[in-house]
Amino acid sequence: MLVSADATVNRTTDGKGKVSDLTLAEIKALDAGAKLGARFAGTRIPTFEEALAVFPKNVWLNCHLKGGAALGEATAKVIAKTGRKHQAFLAATADAAKAARAAVPDILICNMERQGDSMAYAQETIAMKAQFIQLLGKGEVPTEAVKLLKAAHVLVNYYHDETPEGLRRQWRSGVNFPLVNDLAKALPVAQEFGIESIASQP
């Protein structure tokens, strides 16, 4: 199984075209590293199984699905087969989550069946017994929804405000995982809250 967050290979490789129009062999022949610098030239796109194999086993793996029931089922089976159920969770819509759980009942789920209202989204996430949620916002954290989720032991992801004060506001509000693009800039703020990087640990 090959999983991509982009609909095309244009942004991340030296190729062009829709992922869905290319064969696995064509995708595996693309250079996914040269755009990042000469030392990464020749890097190939891994399959989902290949990517799972290189990740540490003590970090959360947010597997954001861009597909429905069939993808949910297939992804859950790969996670189970590779022994990653303890850390890999599916960020999925309701149909994908339902199919994933039918195949692997104890698969971890992040409810992505978003509602316009944060409280309704939180309540539906709790009702479906999802372990994670991904709240959306541009600086304003829905604190009442977060309190409800925390009481139900749902881990809260938040997207997105990467400013130092925005990150501080998220952690103070009870958000577990602010989603960031620039990890180097986020780490010093995380350390203010006692969160250390794996690289800094013995």
Side-chain angles (χ1 to χ4, degrees), residues 1-114 130-134 136 155 157-160 162 177-187 197-199:
M1 176 190 300
L2 184 77
V3 180
S4 172
D6 290 5
T8 74
V9 296
N10 302 4
R11 182 180 67 89
T12 55
T13 74
D14 61 346
K16 299 233 178 268
K18 291 182 179 180
V19 173
S20 58
D21 291 340
L22 300 171
T23 66
L24 179 60
E26 289 170 333
I27 291 171
K28 293 289 278 181
L30 298 174
D31 189 327
K35 287 186 176 183
L36 299 174
R39 70 190 182 110
F40 299 109
T43 301
R44 302 302 168 196
I45 298 173
T47 63
F48 185 49
E49 295 95 326
E50 289 167 344
L52 286 175
V54 300
F55 281 115
K57 293 193 174 182
N58 63 341
V59 298
W60 291 114
L61 301 177
N62 183 341
C63 306
H64 189 172
L65 302 187
K66 299 292 183 77
L71 181 61
E73 177 182 350
T75 307
K77 287 179 176 178
V78 170
I79 288 170
K81 182 181 77 173
T82 56
R84 300 292 185 138
K85 286 192 299 178
H86 69 285
Q87 67 176 144
F89 61 92
L90 303 185
T93 55
D95 60 337
K98 183 177 179 181
R101 282 179 163 169
V104 182
D106 57 345
I107 195 76
L108 301 175
I109 299 293
C110 175
N111 178 24
M112 297 290 281
E113 195 72 33
R114 290 195 181 101
Q131 290 80 17
F132 296 82
I133 191 172
Q134 185 168 305
L136 289 175
L155 296 172
N157 303 325
Y158 182 88
Y159 183 83
H160 117 290
E162 296 189 54
F177 305 111
L179 302 187
V180 299
N181 293 302
D182 193 332
L183 193 57
K185 287 183 179 177
L187 281 174
S197 70
I198 290 175

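Since the structure is predicted, the reported quantities are computational estimates derived from the model, not experimental observations.
- Contact between Thr43 and Phe40 at its shortest, heavy atoms only, is OG1-O, 2.6 Å.
- Distance check, rounded to the nearest 0.5 Å: CG of Leu108 to CG of Asn62 gives 11.0 Å.
- Smallest separation of non-hydrogen atoms from Ala92 and Ala97: CB-N, 4.0 Å.
- With rounding to the nearest 0.5 angstrom, the CG atom of Leu65 is 4.5 Å from the OG1 atom of Thr75.
- Arg84 places a side-chain N or O within 3.5 Å of a backbone atom of Phe55 that can act as its donor or acceptor partner.
- For the pair Glu162 (side chain) and Asp182 (backbone), a donor-acceptor distance under 3.5 Å is present.
- When atom types are taken as modelled, the side chain of Gln134 and the backbone of Tyr158 share no donor-acceptor pair closer than 3.5 angstrom.
- Heavy atoms only, all atoms of each residue included: Ile45 and Ala32 are closest at CG1-CB, 3.8 Å.
- With hydrogens and angles disregarded, a donor-acceptor distance shorter than 3.5 Å links the side chain of Thr82 to the backbone of Ile79.
- Atom NZ of Lys35 has more than 12 neighbouring heavy atoms from other residues, nucleotides or ligands inside a 6.0 Å radius.
- Put simply, CG on Leu52 and OG1 on Thr47 are 8.5 Å apart, with the number rounded to the nearest 0.5 Å.
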Please test Asn58 against Gln87 for side-chain contact (heavy atoms from CB on, under 4.5 Å), starting from the C-alpha separation and ending with a verdict. CA-CA 7 Å; Asn58 63 341; Gln87 67 176 144; over 6 Å; no

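- Smallest separation of non-hydrogen atoms from Ala99 and Ala69: CB-O, 3.3 Å.
- Closest approach of Leu90 to Ala100, counting heavy atoms only: CD1-CB, 3.5 Å.
- Across all non-hydrogen atoms, the minimal contact from Gly67 to Thr93 is O-OG1, 4.2 Å.
- Rounded to the nearest 0.5 Å, atoms CZ (Arg11) and OG1 (Thr13) are 10.5 Å apart.
- In this structure, CZ on Arg114 lies 3.5 Å from CG on Leu136, to the nearest 0.5 angstrom.
- Between Phe132 and Phe89, the two ring planes are parallel [angle under 30°; tilted spans 30° to 60°].
- Proximity of a side-chain donor or acceptor of Arg44 to a complementary backbone N or O of Leu30 within less than 3.5 Å is detected.
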Criterion side-chain contact (heavy atoms from CB on, under 4.5 Å) on Val180 and Lys185, from CA distance to verdict: CA-CA 9 Å; Val180 299; Lys185 287 183 179 177; over 6 Å; no

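- The closest donor-acceptor contact from the side chain of Asp31 to the backbone of Asp14 lies at 3.5 Å or more, if one exists at all.
- His86 places a side-chain N or O within 3.5 Å of a backbone atom of Lys57 that can act as its donor or acceptor partner.
- With rounding to the nearest 0.5 Å, the separation of CZ in Phe48 from CG in Leu71 is 9.0 Å.
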